[in-house]
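Below you'll find the structure, written out as structure tokens, and then a few comments.
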Amino acid sequence: MPTQFSISDSVRQAGDARVRVLSLKGQLDAHTFPVLQSALEAITDMEPRVVLEFSGLDYISSAGLGVLSKMTKEFREREGDIRLAALPDKIRNIMDLLGFSQVIQVHGTVDDAVATYTS
Amino acid sequence: MTVRRSVSIANDSSQLSSVRGLVKDLLETSPFDSTWRNKIVVAVDEALANVVEHAYEGDRGEIQILLELDHSRLQVVIRDSGVKFNPGDRLQSEIDIHEHIRKGLKGGLGMFLMQQIMDEVRFTQDAQHCVNELVMVKRLPPPEPQSQSESE
């Protein structure tokens, strides 16, 4: 059975800032990571403030985490960022093995993550 | 009792999810808790994804996965007949995630995860038969000690 992965996309406002919210669903692995990478590359220059919602994500491997690493650098160079919201425990456990939450902001809800772009 | 599962797949990343399912199903019968089951699935997936990407250098090839679960441990063997893999510098006991993200690096995380999760990670090569073998072992946690009233 092929790996299932999809992204839904919305725009939110945080004060004067536009924030792009990408909600990930399915399994982010060595087969599906190009989908996320392409989605992020498409908005790098126009919407550098991003929230990734993980509540629908069942699985993440280093291929997906590598995209986060690469694209976080790209967004930060444009005075934006990638911030994460609603991580399932099993995703959080893997990210904690690498210390990702020390470097990338993780929030309980999308609303909380969007609000951090206000100031 | 030893439970064995084996499967052969093409070196195609679309096959990874089915192997994850096989590992997950086997671990359901083990004493590993759900946190460790998920981590072990990730370790096997990382190892296999590495072989899928690198072993056959763009050509088609087959990869064999053998799982063996007994009372003391899970052993995972991944075999291919591709180019010799030398983990070399990619085996690392620490990773500086601040530096990794500052530089925007994509690779290097999978091998670290395998080592963090599994108790043993060994690479061998049978040059005569052109077979590369990766063996990973995760030992089962010791059984919970029985309370005095239960043991009497």
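Convention: sequence-line order gives letters A, B, ...; per-chain numbering from 1. Side chains included, hydrogens not; waters and symmetry mates left out as well; all remaining heavy atoms used.
Here the side chains of B/V42 and A/Y59 are in contact, with some heavy-atom distance below 4.5 Å. For the pair B/I101/A/I104, a side-chain contact is recorded, criterion being any heavy-atom separation below 4.5 Å from C-beta on. When side chains are defined from C-beta on, A/Q27 counts as touching B/S17, because their heavy atoms get closer than 4.5 Å.
Note that CE of A/M95 is 10.5 Å distant from CG of B/L109, once rounded to the nearest 0.5 Å. With values rounded to the nearest 0.5 angstrom, A/L98 atom CG is found 12.0 Å from B/D96 atom CG. One distance of note links CG of B/L105 with NZ of A/K73; it measures 9.0 Å at 0.5 Å rounding. Residue A/S61 holds its OG atom at 11.0 Å from CG of B/L48, rounded to the nearest 0.5 Å. From A/T32, atom OG1 reaches atom CG of B/L16 across 9.5 Å, with rounding to the nearest 0.5 Å. Annotation: the span from B/D45 atom CG to A/I60 atom CD1 amounts to 11.5 Å, rounded to 0.5 Å.
Top candidate by heavy-atom pairs under 4.5 Å with chain A, chosen from B/K103, B/E53, B/Q116, B/R37, is B/K103. Taking B/G110, B/G107, B/S34, B/G104 one by one and counting their heavy-atom pairs under 4.5 Å with chain A, the maximum is reached by B/G104.
In A/D16, the CG atom is not crowded: 12 or fewer heavy atoms of neighbouring residues, nucleotides or ligands sit closer than 6.0 Å. Open room surrounds CZ on A/R18; 12 or fewer heavy atoms of other groups in view lie less than 6.0 Å from it.
Of the two parts of B/I117, only the side chain, counted from C-beta on, holds a non-hydrogen atom closer than 4.5 Å to a non-hydrogen atom of chain A.
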B/L113 vs A/I94, side chain to side chain contact (heavy atoms under 4.5 Å, CB included): CA-CA, chis, key distance, verdict: CA-CA 8 Å; B/L113 280 174; A/I94 299 304; 4.3 Å; yes
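B/I78 and B/F123 fall within a single hydrophobic cluster, where Ile, Leu, Val, Met, Phe, Trp and Tyr are joined by side-chain heavy atoms under 4.5 Å apart, directly or via other members. The same ILVMFWY cluster, assembled from side-chain heavy atoms under 4.5 Å apart, contains both B/L22 and B/L26. Put simply, B/I95 and A/V103 are part of the same group of oily side chains (I, L, V, M, F, W, Y) that touch within less than 4.5 Å, one to the next. In the hydrophobic clustering of this structure, A/L22 groups with A/L87; members are Ile, Leu, Val, Met, Phe, Trp, Tyr whose side-chain heavy atoms approach within less than 4.5 Å, directly or through other members. B/V137 and B/L134 fall into different hydrophobic clusters, where Ile, Leu, Val, Met, Phe, Trp and Tyr are joined by side-chain heavy atoms under 4.5 Å apart, directly or via other members.
Partners of B/K24 by side-chain contact (heavy atoms from CB on, under 4.5 Å), not counting sequence neighbours, listed by chain and number: B/E28, B/V41. Not a single salt bridge (Lys or Arg N to Asp or Glu O under 4.0 Å) links B/R5 to another residue, sequence neighbours left out.
Closest approach of A/F100 and B/I97 over heavy atoms only: CE1-CD1, 3.4 Å.
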